[in-house]
Novice: 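Here's a structure for you.
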Amino acid sequence: MVKTRFAPSPTGNLHIGGARTALFNYLFAKHNNGIFVLRIEDTDIERSKDEYTKDILDGLKWLGILWDEGPFFQRERMDLYREHAYRLLNQGLAYRCYCTPEVLEEKRKNALKEGRKPNYDRTCRDLNLKDPDRPYVIRFKTPLDGQVSFNDIVRGKITFNCEELDDLVILRSDNTPTYNFTVVVDDALMDITHIIRGDDHINNTPRQILIYNALGYKLPEFAHVPLIHGKDRTRLSKRHGATSLLEYKNEGFLPEALMNYLARLGWAYGDQEVFSKEELIEKFDLKHVGKSPAIFDMDKLSWLNSHYIKTSEENRIAGMLEGFLVKSGIEIDNREKLVPIVRNLKDRAKTLKEMAQMAEFFFSDEIIYDEKAKEKYLTHETKKILEGFLEGFVSLKENDEAGQKLLIENIVKETGKKTVDVVQPIRVALSGRTASPGIFDVINILGKKSVEKRIKRAIASIG
RNA sequence: GGUCCCAUCGUCUAGUGGCCCAGGACGUCGGCCUCUCACGCCGAAAACACGAGUUCGAACCUCGUUGGGACCA
């Protein structure tokens with residue numbers, strides 16, 4: 001049974017990189033009919049915050065990455081780590097180290113000065129000390145020589161010399177376990193079969209393998225996926241913009257667009273670009289994950305988002321649009337309008353937020369004219385056009401699009417102007433802007449009364 | 001600085017010795033459509049980091065160089 005996990009520290013929001021790692025774990029598990037576990041690594045009490053945990057859980061749920069087990073919290077499992085640490089101690093695979101931080105720092109400095117590696121010099125390794133009055137840490141006995149190598153599913157064989165590895169601390173003097181130790185204990189106890197994580201953990205892997213072996217647990221498979229980089233080609237971080245995945249939600253992105261984009265970032269399935277969640281589960285594999293870091297590209301995300309806006313159920317988009325409108329203080333007088341509005345705006349908007357901005361004018365007859373638009377199209381010259389339009393329009397029935405077309409054609413003929421010069425003033429009168437959906441769509445979504453009101457108001461504004 | 005990793009169009013990538021004078025997508029540019037803005041459609045420019053080697057043949061294999069990144073300090 002395949003079992004994967006996503007194990008974030010709640011020391012920050014769920015960002016794009018974390019979300020992708022979670023997604024790969026999720027897709028791999030689901031592809032293999034396996035289990036996906038969520039574990040919160042909150043042992044760093046100083047920096048861990050509940051708000052971050054919430055952001056992570058909410059972000060995953062929004063994306064549609066649902067975990068089968070958990071969330072487990074490491075803070076609740078401290079006894080387990082201590083037990084394991086003492087087990088290694090009792091078996092002679094770890095030792096008490098009484099070196100003080102001051103001494104260690106001194107040694108480190110000297111080593112650096114003399115050009116040696118600043119590793120711990122293993123003073124206490126074979127002393128077998130046991131002093132009840134002095135504080136100590138427990139260190140892991142790393143083999144003095146030999147190699148550790150593993151077959152990474154995406155990287156292939158990776159080898160480290162044990163000499164490079166330290167006798168790392170597994171339990172601090174305050175009785176708290178360290179990162180590399182808790183990870184192994186948890187992954188082993190939770191029966192994780194495949195560890196899929198960012199390649200910033202490659203260097204931790206040999207230490208963890210040694211701990212697995214010492215503890216006598218079965219090794220999992222490892223797959224290190226490249227990190228996502230910003231435009232400057234460094235690891236994605238706060239200064240690259242969005243710090244939480246949920247910001248994309250607030251900006252009007254659809255979760256399926258994010259999921260699709262994230263999956264294709266560093267992974268490919270031939271030439272295919274668009275994938276549903278089900279397709280991703282069916283087609284995802286670690287073998288086609290690339291080895292080099294990928295740069296986050298907002299343009300492509302936007303393109304996918306507009307694709308999903310165009311192809312989603314209009315009702316669903318309308319529901320989400322309503323939320324964005326309400327959020328920007330728009331009063332929705334008539335919810336019947338929402339679906340027709342979506343139908344006309346879905347090809348034009350890249351995000352729901354953008355769509356809400358484009359839709360605002362439908363909801364209030366008190367149009368605020370764009371300054372330049374008014375200056376150009378609401379003039380004494382165009383006043384006649386508006387008056388002519390209004391005169392003809394009042395006698396038309398509701399939603400008589402053929403009649404409306406004829407009316408405009410007639411004005412074009414009578415004035416000798418181009419169609420565009422007749423339509424634009426009307427557009428500005430109705431929407432306040434020079435760009436909008438087709439003029440007849442605007443007219444018929446607004447309805448006869450509203451159109452008349454807005455034309456009159458525009459005429460009045462010219463004075 | 002040490003260790004490890006990576007290297008195809010601006011970006012995401014296809015490509016595992018001949019199908020590749022390198023394919024798709026985003027973006028860019030040009031055109032068509034058109035009541036505006038979009039959408040859509042058509043077209044164009046755009047890459048195998050460099051140098052050796054292996055081979056009849058290399059984007060694909062080997063070595064080196066350069067560049068980039070991550071971790072540790």
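Chain letters run A, B, ... following the sequence lines, proteins first and then strands; every chain starts at 1.
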Novice: Work out how far the C1' atom of B/C26 is from that of B/A47, and round it to whole angstrom.
Specialist: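 B/C26 and B/A47 have their C1' atoms separated by 16 Å.
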
Novice: If you draw a 6.0 Å radius around CD in A/Q272, do more than 12 non-hydrogen atoms from other residues or ligands fall strictly inside?
Specialist: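 Above 12, so yes.
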
Novice: With rounding to whole Å, what would you report as the distance between B/A49 and B/U8 at their C1' atoms?
Specialist: 10 Å

Novice: Using the C1' atom in both, what is the distance from B/U13 to B/A59, to the nearest Å?
Specialist: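 Per the computed distance, 14 Å lies between those C1' atoms.
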
Novice: Is it the case that the side chains of A/T178 and A/N180 hold a donor-acceptor pair, with the cut-off being a distance below 3.5 Å and no angle test?
Specialist: no

Novice: Checking base pairs now: Watson-Crick or wobble, both atom distances under 3.5 Å. What partners B/A14?
Specialist: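 Check on B/A14: unpaired, no WC or wobble geometry under 3.5 Å.
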
Novice: Round to the nearest Å and state the distance from A/L168 atom CG to B/C71 atom P.
Specialist: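 A/L168 atom CG is separated from B/C71 atom P by 18 Å.
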
Novice: Kindly assign one of parallel, tilted or perpendicular to the pair A/F284 and A/W267, based on the angle between their ring planes and the thresholds 30° and 60°.
Specialist: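 It falls in the tilted class, 30° to 60°.
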
Novice: Confirm from the modelled atom types if A/R348 and B/C37 form a donor-acceptor pair under 3.5 Å, side chain to base only.
Specialist: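 Checked by distance alone, the answer is yes.
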
Novice: If the P atom of B/C48 is compared with that of B/A70, how far apart are they to the nearest Å?
Specialist: 26 Å

Novice: Say we look at B/U65 and B/A7: how far apart would their C1' atoms be, to the nearest angstrom?
Specialist: 13 Å

Novice: Hey, what's the ring geometry for A/Y248 with A/F253, parallel, tilted or perpendicular (30° and 60° as the breaks)?
Specialist: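 Plane angle over 60°, so perpendicular.
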
Novice: On a whole-Å scale, what distance lies between the P atoms belonging to B/C4 and B/G27?
Specialist: 41 Å

Novice: Distance check, C1' atoms only: B/C35 and B/G43, in whole angstrom units.
Specialist: 27 Å

Novice: For A/Y269 and A/E273, take the nucleotide of RNA chain B holding the closest heavy atom to each; which residue's nucleotide lies nearer the 5' end?
Specialist: A/Y269

Novice: With both distances under 3.5 angstrom, what nucleotide forms a Watson-Crick or G-U wobble pair with B/A44?
Specialist: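 Because both required distances fall under 3.5 Å, B/A44 counts as paired with B/U28.
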
Novice: Taking N and O atoms by type only, does the side chain of A/K300 place a donor or acceptor under 3.5 Å from a partner on the base of B/A25?
Specialist: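 Yes, a donor-acceptor pair under 3.5 Å.
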
Novice: More than 12 foreign heavy atoms under 6.0 Å from NZ of A/K453: is that the case here?
Specialist: no

Novice: Between B/C35 and A/R427, counting only base atoms on the nucleotide and side-chain atoms on the residue, is there a donor-acceptor pair under 3.5 Å?
Specialist: yes

Novice: Considering only side-chain heavy atoms of A/D297, which listed nucleotide, B/G10, B/A70, B/U13, is closest?
Specialist: B/G10

Novice: If the cut-off is 4.0 Å, is A/K310 near the phosphate of B/G40, judged by side-chain N/O to OP1 or OP2?
Specialist: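 It does, given that an N or O in the side chain of A/K310 lies less than 4.0 Å from OP1 or OP2 of B/G40.
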
Novice: In whole Å, what separates the C1' atom of B/G31 from that of B/C21?
Specialist: 28 Å

